[in-house]
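As C-alpha cells, the structure follows; a few thoughts come after it.
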Number of protein chains: 2
Amino acid sequence: MRRDIFQAIADPTRRAIIALIALQAMTPNAIAENFNTTRQAISKHLRILTECELVKQEQEGREIYYSLELEKMKEIDKWLSQYRKIWETRFNQLDNVLATIKKQKK
Amino acid sequence: MRRDIFQAIADPTRRAIIALIALQAMTPNAIAENFNTTRQAISKHLRILTECELVKQEQEGREIYYSLELEKMKEIDKWLSQYRKIWETRFNQLDNVLATIKKQKK
DNA sequence: TATATGTGCAACCAATCAGTTTCACAAATT
DNA sequence: AATTTGTGAAACTGATTGGTTGCACATATA
C-alpha cells in the first residue's frame, strides 16, 4: 500500500517513535513500553511507517527490529529545500539592505 | 486555537496552497481557481494554515491576501535537523571507510 | 509436548477530517 | 439605494483515523 510521508509524520506518536528508533533499532514491545497505549496501537503505527518506507524491519528469530530509514527522511528535506531557498534569499536581501544602510552612514 | 504544523502540512491540498502563496500573496478566490474544489473548502484550509501560523493574512479593502510565514516553516526544518545530523554523520563515516579502502589499495 | 513470549491482523468504535451546501455580511459598484 | 463581489461561518455528510479488544500463529523455553 502506498502511503504519504507527510501524513505519516502528522501523528505525534509516530514522530515520537521515529525519534526513538533513529539511533538504534528496537522491537515493537520495547517501543511500546515508552508509550501510554497498547502494543497493538504501536504495531499499527509501525505498519503505517513501514508502508511509506520511513521505517524498515529486520526479523531476528521471533523478534522484529524496527529502525529509521534515513533515506526517506531526506524526501522531507527535499520538499523543504524549495522554501529554504526562499528564506535564504530573503535573508541575503535583508543583509544587502543592512550593508547599504551601513555604507550610507559612513 | 492551537494547531500542529505537521498535521497542517499532512494534507496535499494544503501543501499545494503553501507552494502557491510561497512567492506572492494571494486572495482566497485566486487560490481556489487553481483547485478542483469549492472556494469554501479552500477557505477552511486557509483557516487551518492560519491557525498554526504557517500563513498570515493581510486585509485590503474587502479582499484578504494570504502569504506564507517562512519563519514557521523553519520549525519543520528544526525538527528535521536532528535527523539531518544523523545522516550527515553516517555519510562521513562512510566517507572514512572509503578513504581507508583507498589507502589500503595504494 | 505443553506453556510462555513476541508479534501481526481483523473487527469494532468514537473522534476527527475534508468536503459540500446554505447563509450572513461588509465592501465595492451600478 | 440596489446589486454585485469577496469573504467567513455553520450545519451536515461520508470517509478516514487512532484507539481498543480479541484472536491467530510462529518461535522460544520449561
Side-chain angles (χ1 to χ4, degrees), chain A residues 1-21 24-69 72 76 79, chain B residues 1-21 24-69 72 76 79:
Chain A
M1 195 212 199
R2 258 280 152 79
R3 279 272 181 185
D4 181 19
I5 331 175
F6 292 95
Q7 198 264 331
I9 61 164
D11 184 83
T13 306
R14 282 197 288 269
R15 286 202 301 280
I17 292 176
I18 288 176
L20 259 182
I21 63 174
Q24 51 171 339
M26 288 173 79
T27 65
N29 263 330
I31 296 168
E33 273 171 21
N34 295 274
F35 297 94
N36 217 0
T37 54
T38 59
R39 181 191 54 76
Q40 284 90 336
I42 299 299
S43 183
K44 266 176 97 172
H45 283 305
L46 284 170
R47 193 156 77 91
I48 289 166
L49 289 169
T50 308
E51 274 169 3
C52 72
E53 296 177 299
L54 265 173
V55 153
K56 62 171 180 279
Q57 353 179 341
E58 232 171 316
Q59 188 108 21
E60 207 153 304
R62 68 180 162 188
E63 292 183 323
I64 301 174
Y65 283 86
Y66 285 87
S67 60
L68 189 58
E69 190 70 83
K72 203 70 179 183
I76 303 166
W79 173 79
Chain B
M1 195 209 198
R2 258 281 152 80
R3 280 269 183 186
D4 181 20
I5 330 175
F6 292 95
Q7 199 263 330
I9 61 164
D11 185 84
T13 305
R14 281 197 288 269
R15 286 202 302 280
I17 292 176
I18 288 176
L20 258 181
I21 64 174
Q24 51 170 340
M26 289 173 80
T27 64
N29 264 330
I31 296 168
E33 273 170 22
N34 296 273
F35 297 94
N36 217 1
T37 54
T38 59
R39 181 191 53 77
Q40 284 88 338
I42 299 298
S43 183
K44 266 176 97 174
H45 283 305
L46 285 170
R47 194 156 75 91
I48 289 165
L49 289 168
T50 309
E51 275 169 3
C52 72
E53 294 177 300
L54 265 172
V55 153
K56 60 172 180 280
Q57 350 178 342
E58 232 170 316
Q59 187 108 22
E60 207 153 303
R62 69 181 161 187
E63 292 182 325
I64 300 175
Y65 283 87
Y66 286 86
S67 59
L68 188 59
E69 190 70 85
K72 204 68 179 185
I76 304 167
W79 173 79

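Each chain gets a letter, A, B and so on, in the order the sequences are listed, and its residues count up from 1. Note: hydrogens, waters and symmetry copies are ignored here, and every other heavy atom, side chains too, is used.
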Show every donor-acceptor pair shorter than 3.5 Å between a side-chain atom in residues 51-65 of chain A and any protein atom, with sequence neighbours excluded, or say none if there are none.
from  : atom 1 : to    : atom 2 : distance (Å)
A/E51 : OE1    : A/R3  : NE     : 2.8
A/E51 : OE2    : A/R47 : NH1    : 3.2
A/Q59 : NE2    : A/G61 : O      : 3.2
A/E63 : OE1    : A/Y65 : OH     : 3.4

Exercise for the section: Summarise protein proximity over nucleotides 16-27 of chain D in one line of letters, 5' to 3': B for base, S for sugar-phosphate only, - for none, counting protein heavy atoms closer than 4.0 Å. Expected result: -SBBBBB----B

Practice task
Give a yes/no answer on whether the side chain of B/N29 brings an N or O atom under 4.0 Å of OP1 or OP2 in D/dT7.
Solution key: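 B/N29 to D/dT7 OP1/OP2: side-chain N or O found under 4.0 Å.
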
Exercise for the section: May I have all residue pairs that pass salt bridge (Lys or Arg N to Asp or Glu O under 4.0 Å) and include part of residues 4-21 of chain A, sequence neighbours excluded? Expected result: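 Every pair satisfying salt bridge (Lys or Arg N to Asp or Glu O under 4.0 Å) with a residue in residues 4-21 of chain A: A/D4-B/R15, A/R15-B/D4.
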
Practice task
Mind checking the CD1-CD spacing from A/I21 to A/E69? Nearest 0.5 Å is all I need.
Solution key: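 Between A/I21 CD1 and A/E69 CD, I get 10.0 Å after rounding to 0.5 Å.
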
Handout entry: From B/T13 atom OG1 to B/L49 atom CG, the distance as rounded to the nearest 0.5 Å
Key =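 If we round to the nearest 0.5 Å, B/T13:OG1 and B/L49:CG are 10.5 Å apart.
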
Practice task
Name the nucleic acid region contacted by B/Y66, choosing base, sugar-phosphate or nothing; use a 4.0 angstrom heavy-atom cut-off, strictly under.
Solution key: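 Since only primed, P, OP1 and OP2 atoms lie under 4.0 Å of B/Y66, the category is sugar-phosphate.
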
Show which side-chain atoms of residues 28-42 of chain B pair as donor or acceptor with protein atoms under 3.5 Å away, not counting sequence neighbours.
from  : atom 1 : to    : atom 2 : distance (Å)
B/N34 : ND2    : B/A30 : O      : 2.9
B/N34 : ND2    : B/I31 : O      : 3.3
B/T38 : OG1    : B/A41 : N      : 3.2

Handout entry: A/F6: partners by ring-ring contact (aromatic ring centres under 6.0 Å, His included), with sequence neighbours left out
Key =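 Applying ring-ring contact (aromatic ring centres under 6.0 Å, His included) to A/F6 gives A/W79.
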
Practice task
Anything under 4.0 Å to a heavy atom of chain B counts; send over the first and last such nucleotide of DNA chain C, read 5' to 3'.
Solution key: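 Contact boundaries, 5' end first: C/dC17 to C/dA28.
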
